There are 2 protein chains.
Amino acid sequence: MPKTHPARRTTIMDVARAAGVSRQTVSNAINSPERVRPDTRSKVLQVVDKLHYRPSSAARTLRHQRAGAVGTELNAVADQPSDIALPFLTALTLSAARHACHMVPFASKEAFPLLSGYQDMVRRRLVDAFILTDTHPGDPRPAWLEEAGIPYASFGRIYDDPTRGYWADVDGAAGTQMAVAHVAASGYQTVGFLGWPAGSAVGDLRREGWAQGVKEHDVAAGPEGSAPQSLPEALRAAEDLLDGLAVGDAVVCASDVLALGVHQAALARGWTPGADIGITGFDGSPVAHLHSITTLTQPLDDIAEHLFTILDHQLAGSPEPVQAALLVPTLDVNTSTKITPKKGTS
Amino acid sequence: MPKTHPARRTTIMDVARAAGVSRQTVSNAINSPERVRPDTRSKVLQVVDKLHYRPSSAARTLRHQRAGAVGTELNAVADQPSDIALPFLTALTLSAARHACHMVPFASKEAFPLLSGYQDMVRRRLVDAFILTDTHPGDPRPAWLEEAGIPYASFGRIYDDPTRGYWADVDGAAGTQMAVAHVAASGYQTVGFLGWPAGSAVGDLRREGWAQGVKEHDVAAGPEGSAPQSLPEALRAAEDLLDGLAVGDAVVCASDVLALGVHQAALARGWTPGADIGITGFDGSPVAHLHSITTLTQPLDDIAEHLFTILDHQLAGSPEPVQAALLVPTLDVNTSTKITPKKGTS
DNA sequence: CTGAAAGCGCTTACAG
DNA sequence: CTGAAAGCGCTTACAG
């Protein structure tokens with residue numbers, strides 16, 4: 001951007017002069033309270049307040065050799081951006097503020113992540129670390145960053161080496177198990193599952209939770225089906241699945257879009273979701289809320305907070321291994337159609 | 001975040017030594033090519049490349065008195081976050097890079113924007129300017145920022161004083177007019193409108209475009225209805241609206257959620273959207289794509305780019321008035337159900 | 001065309 | 001407990 005000369009802003013010297021102390025004392029009053037007499041400190045702080053003084057983050061960064069910023073990549077090419085990407089970024093932004101830093105999003109139009117994009121930001125000292133999202137088996141980024149000595153924390157397991165510990169994730173199995181418990185407690189007798197095609201790490205775990213839940217909660221396992229994350233295909237798979245179910249049964253789904261497919265397939269055959277048939281989604285996405293679908297909301301605030309804890313450890317050079325975290329989602333029951341299920345006729 | 005001592009990174013001095021010149025020459029080679037002999041320059045640039053040198057943005061900021069960053073507020077409280085918030089942030093992030101700067105998102109859990117949040121970021125010199133979104137009549141932020149001398153540019157008109165010029169917006173009227181032209185050209189004969197309750201600035205303009213389009217394209221004006229931005233209410237309003245329409249007619253909507261309401265209401269009475277009834281939404285949101293609804297996609301990349309042009313002008317202290325921009329959306333036709341409308345029976 | 005000086009704003013040792 | 005010095009990395013005048 002072109003250069004200009006904006007109004008001069010308040011600096012530490014202005015505060016020092018107004019308070020009648022040296023600028024080091026102002027700095028100490030702010031950063032090392034114990035090194036300054038209480039009355040001096042309060043006088044300085046009063047002037048800081050009056051003058052609305054805030055230390056320049058650039059000067060601090062230069063002095064500390066630390067940007068106080070964390071980068072995160074925005075997917076600029078996804079045809080279907082993740083529904084929770086924005087809520088998660090918001091959670092990160094709020095967590096960052098609590099950890100005295102800020103987020104710096106970046107994006108590229110390349111289909112695959114570029115190591116150079118990550119490295120450049122660190123070389124320019126724009127960020128100290130990264131938050132990774134959408135990790136998947138074969139994701140090259142953890143190894144890249146580790147090799148380059150760049151701290152990072154990942155929303156989503158580091159599949160190629162989960163022992164690394166620099167991650168927090170949603171406990172998908174616990175989630176779908178909770179969903180089964182919920183529909184069982186609501187009176188549904190047979191519980192089917194609609195997931196993604198086998199082989200996706202996240203999807204397989206969510207399926208496991210359903211299978212486990214069915215065993216534990218004294219309901220019959222209904223049929224299972226799968227479809228990729230697109231509504232027409234979810235709808236088609238849901239129709240097949242419903243052919244094997246009856247009024248009074250339920251379907252636990254691996255995602256909200258899949259649940260929407262079941263929802264619409266149910267409506268198409270005249271079944272009322274939440275009464276004739278129980279349906280649960282996964283993610284707590286806007287789609288679920290828009291269509292009033294019961295869903296498993298991911299604890300994004302907790303995940304963001306945990307990732308910053310991981311980052312703090314690394315940045316502090318702490319040698320102890322960091323604990324990865326598996327956080328349990330919250331069942332977000334759609335109350336608008338919370339009706340006792342009608343008994344099936346079959 | 002706690003302090004640490006990361007590996008020392010390459011500085012301008014490392015480049016100077018390796019190239020056998022003074023550090024000022026390195027700086028000139030990078031920033032003022034005309035002040036350096038071509039062969040010196042290329043030698044320096046070669047070393048820069050080899051050493052992967054990138055100037056420290058903190059040092060640059062300190063020297064330039066310019067953060068090279070733009071803030072934007074993330075709505076952390078919206079029950080229903082805007083569907084295009086993330087795509088727009090992505091567009092901003094890409095535009096920012098083209099203007100040699102980066103975005104810094106911030107958020108608060110307050111229901112209303114806080115001036116102090118904006119001022120603090122400027123005082124800490126974290127950002128030079130702001131991008132505003134979700135402006136509305138009575139929005140205090142433009143006046144705040146103007147008074148504080150903080151540059152800004154707004155996605156959305158500055159309603160209280162559109163002459164200010166620091167904005168870019170979607171031409172809502174042109175959009176709905178295009179939608180009418182499209183359904184007319186597709187053979188639909190009567191075109192109704194589903195909008196928001198009168199009084200919303202954006203909604204009223206979109207309605208006007210429909211009214212104008214109906215006049216210009218030789219179709220009959222169908223009934224109009226309105227509903228707030230929630231699916232159940234959209235569905236109810238759509239049912240009423242469809243009572244006044246027949247197979248072979250179309251409905252232009254002020255948003256994608258409203259269009260989804262019409263879509264579902266049509267399905268409920270056995271009409272095939274895109275054949276029995278024409279439906280258009282507005283925003284190009286994931287909702288529209290998920291449900292394959294024809295929609296008016298907002299030119300987010302162009303808007304972002306224009307906002308940065310506005311910012312550049314202000315930051316350069318340019319005295320000429322900035323041009324606000326009204327950008328026309330793109331009609332995103334859902335090809336999956338692109339069928340000639342069946343003639344109505346009424 | 002090239003190089004030595006000054007300074008952006010801050011904080012961390014260090015000396016009084 | 002308080003204050004003078006040094007330096008983080010860079011660039012913009014300015015002098016050679």
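Predicted model, so just to flag it, every value in this text is computed and none were measured. Lettering follows sequence order; numbering is per chain, from 1.
One interatomic measurement links the two molecules: CG of B/L62 to C1' of C/dG7, which rounds to 9 Å at whole-angstrom precision. Counting to the nearest Å, the P atom of D/dT11 and the CE atom of B/M13 are 14 Å from each other. Rounding to whole angstrom units, CZ of residue B/R23 and P of D/dT11 are separated by 10 Å. Rounded to whole Å, the distance from CZ on A/R9 to P on C/dC8 is 16 Å. Rounded to an integer number of Å, the gap from CZ of A/R63 to C1' of D/dA6 is 8 Å. As rounded to whole Å, 5 Å separates atom P of C/dC10 from atom CD1 of A/I12. A straight line from CD of A/Q24 to P of C/dA15 spans 15 Å, rounded to a whole angstrom.
Here the rule is side-chain contact (heavy atoms from CB on, under 4.5 Å) with A/I12, and of A/V26, A/V48, A/I30 only A/V26 fits it. Only one option out of B/F155, B/Y152, B/F308 pairs with B/Y166 in a ring-ring contact (aromatic ring centres under 6.0 Å, His included); it is B/Y152. Screening B/T72, B/I150, B/V104 for a side-chain contact (heavy atoms from CB on, under 4.5 Å) involving B/F130 leaves a single residue, B/I150.
For A/Q65, a side-chain nitrogen or oxygen approaches OP1 or OP2 of D/dG9 to under 4.0 Å. Between A/T25 and the phosphate of D/dG3, there is a side-chain N or O to OP1/OP2 separation shorter than 4.0 Å.
A search for salt bridge (Lys or Arg N to Asp or Glu O under 4.0 Å) contacts involving B/D39 returns B/R37, not counting sequence neighbours. Residues satisfying the side-chain contact (heavy atoms from CB on, under 4.5 Å) test with B/P105, not counting sequence neighbours, are A/T93, A/M103, A/P105, B/L74.
If you check the side chains of B/H99 and B/E305, you find a donor sitting under 3.5 Å from an acceptor. Between the side chains of A/D120 and A/S116, not a single donor N or O lies within less than 3.5 Å of an accepting N or O.
Heavy-atom distances under 4.0 Å link DNA chain D to A/E34, A/R35, A/V36, A/R37, A/T40 of residues 27-44 of chain A, given in residue order. Contacts between residues 45-60 of chain B and DNA chain C, defined by a heavy-atom separation below 4.0 Å, involve no residue at all.
The 12-atom threshold is exceeded at CZ of A/R141, counting heavy atoms of other residues, nucleotides or ligands nearer than 6.0 Å.
The stretch residues 145-158 of chain A participates, sequence neighbours left out, in these salt bridge (Lys or Arg N to Asp or Glu O under 4.0 Å) pairs: A/E146-A/R164, A/R157-A/D169.
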**OP:** Dump the intermediate steps for ring-ring contact (aromatic ring centres under 6.0 Å, His included) on B/F106 and B/Y118, then the final yes or no.
**Re:** CA-CA 9 Å; B/F106 66 105; B/Y118 286 79; 5.0 Å; yes

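Paired regions of DNA chain C, where each region holds three or more successive Watson-Crick or G-U pairs whose two hydrogen-bonding distances fall under 3.5 Å, are C:1-3 with D:14-16, C:5-12 with D:5-12, C:14-16 with D:1-3.
In this structure, A/D301 and A/S95 approach most closely via the heavy-atom pair O-OG, 4.2 Å.
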